[in-house]
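Structure first, then comments.
Hydrogens, waters and symmetry mates play no part in the numbers below; they use all other heavy atoms, side chains included.
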Amino acid sequence: MKLTLVFSLLCVFCGFAANVNSQTARVNIQVKNVQIKDVLIQIEEQTDYLFVYNHENVDLSNKVSLQVSNTPVYDVLGTLFGETDLTYAMEGSNILLMKSDRTSNLQQAVVKISGIVTDEHRETIIGANIVEKGTTNGTITDIDGNFTLDVSAGAILVVTYVGYTPLEIPVGNRTRFDIILAEDSETLESSRSRIRYTEKSNSDRSDLLREKFGYSGF
C-alpha cells in the first residue's frame, strides 16, 4: 500500500515538473525568410513541446524572420501568430494550433453611424427609413432629416421613402453619411395618373347628377 502511494506521488511530481519545465522553456532561433512551420520544428528540437494541429485548416506556409536568444516559447509564439488568423493553446507538453475567431469577432463588431437624408433639392426628408440590410435593425430620420444607428461592421444600409428610389449604401469605413434620394419617376407618374382618374371620375359624377337632379354639389 505504501509503495503504491509513493509511486503515485512520484508520478504526479514528475508530471508537474515536466509541465513546469515546458512552461518555462526558452529557445534560441536565428532565421530569415523561412516558413512558420520551420520555426516550429526548431522549437520542438530545443524543447519537449510537440505541436498538434489540423494540416488542412492550419496554414503554416507564411514566411517570417526571427532573431531571439534565450526567449520563452510563449513569447516566440506570440510573435509568430500575432498578425495571423491562428492562435494556440498550451496543454502540458503539447501546443495546439487552431484558427483564431478574430475574423468572426471583427464581423460581429458594432459601429455607430450617423447622417442626414435629403432630396435632390437638398430639402431634408422626415421619416425616411434606414435599415441594416438582411436584419430588422433600423431607424427613421428625425424632423431635421438626421439619423443615428448602430450597425455591424461591413453592413449595407437600405434607405427608403415613399415616392423615392430605394438606395443601398455599403458602410465600409465611414461613420458619417450624406444621403440624397432621387424621386421615383414611375411612382410619381402612377400617382399623377390616379389623381387625373379621380378628378375625371368626380367630374363625370357631377355631370350625371346635374343631368338627373339638377344637383351642382361637385
Side-chain angles (χ1 to χ4, degrees), residues 1-115 132-135 137 148-157 168-177:
M1 180 68 179
K2 289 184 179 180
L3 288 176
T4 302
L5 179 60
V6 171
F7 180 74
S8 298
L9 291 174
L10 181 61
C11 289
V12 170
F13 175 77
C14 290
F16 177 75
N19 186 57
V20 170
N21 180 64
S22 63
Q23 292 292 331
T24 58
R26 295 172 177 269
V27 293
N28 300 300
I29 299 176
Q30 312 290 322
V31 295
K32 184 176 182 180
N33 199 33
V34 301
Q35 293 185 344
I36 290 179
K37 64 181 179 181
D38 294 325
V39 177
L40 300 187
I41 290 173
Q42 290 198 32
I43 293 175
E44 288 181 333
E45 291 175 348
Q46 297 181 38
T47 68
D48 295 329
Y49 280 125
L50 176 66
F51 289 95
V52 180
Y53 58 94
N54 185 323
H55 291 258
E56 294 182 358
N57 296 332
V58 176
D59 182 11
L60 300 175
S61 62
N62 290 344
K63 292 189 175 182
V64 296
S65 296
L66 198 62
Q67 306 288 324
V68 296
S69 298
N70 195 34
T71 302
V73 171
Y74 55 80
D75 283 344
V76 175
L77 296 179
T79 301
L80 286 177
F81 302 127
E83 299 299 326
T84 70
D85 61 349
L86 301 178
T87 187
Y88 67 92
M90 290 181 168
E91 297 289 344
S93 60
N94 292 325
I95 299 179
L96 311 179
L97 303 181
M98 64 206 82
K99 281 279 189 180
S100 169
D101 61 356
R102 182 181 295 110
T103 300
S104 61
N105 287 340
L106 178 61
Q107 293 174 343
Q108 295 171 4
V110 175
V111 179
K112 180 179 287 294
I113 63 171
S114 62
E132 181 179 351
K133 186 175 182 178
T135 74
N137 178 38
T148 59
L149 183 65
D150 292 333
V151 299
S152 302
I156 295 177
L157 302 180
E168 292 193 4
I169 307 172
V171 171
N173 296 322
R174 294 182 294 170
T175 58
R176 178 70 187 176
F177 295 83

Practice task
Could you point out which residue of Asp85, Asn57, Thr87 forms a side-chain hydrogen bond (donor to acceptor under 3.5 Å, both in side chains) with Lys99?
Solution key: Asp85
Where do [X] and [Y] come nearest, in terms of heavy atoms and distance?
X: Val151; Y: Ala155; value: CB-CB, 4.1 Å
X: Ile29; Y: Val39; value: CD1-CG1, 3.8 Å
X: Tyr49; Y: Ala25; value: CE1-CB, 4.1 Å

What's the spacing between [X] [atom1] and [Y] [atom2] if we round to 0.5 Å?
X: Asn94; Y: Tyr53; atom1: CG; atom2: OH; value: 13.5 Å
X: Gln42; Y: Asn28; atom1: CD; atom2: CG; value: 10.0 Å
X: Leu40; Y: Leu77; atom1: CG; atom2: CG; value: 7.0 Å
X: Asn54; Y: Leu96; atom1: CG; atom2: CG; value: 12.0 Å
X: Lys63; Y: Lys37; atom1: NZ; atom2: NZ; value: 10.5 Å
X: Asp38; Y: Ser61; atom1: CG; atom2: OG; value: 10.5 Å

Within the distance-only criterion (no hydrogens, no angle test), does the side chain of [X] pair as donor or acceptor with the backbone N or O of [Y] below 3.5 angstrom?
X: Thr148; Y: Ser114; value: no
X: Gln30; Y: Val68; value: yes
X: Thr135; Y: Lys133; value: no
X: Asn70; Y: Arg26; value: no

What I'd like to find out is whether the side chain of [X] reaches to under 4.5 Å of the side chain of [Y], using heavy atoms alone.
X: Val73; Y: Gln46; result: no
X: Phe81; Y: Leu60; result: yes
X: Leu50; Y: Glu44; result: yes
X: Leu80; Y: Tyr88; result: no

Practice task
Evaluate whether atom CG of Asn173 has more than 12 neighbouring non-hydrogen atoms of other residues, nucleotides or ligands under 6.0 angstrom away.
Solution key: no
Problem - Residue of the set Thr84, Ile36, Thr79 for which side chain to side chain contact (heavy atoms under 4.5 Å, CB included) holds with Val64 - result: Ile36
Handout entry: From Leu149, Ile156, Ile113, residue fulfilling side chain to side chain contact (heavy atoms under 4.5 Å, CB included) relative to Val171
Key = Ile113
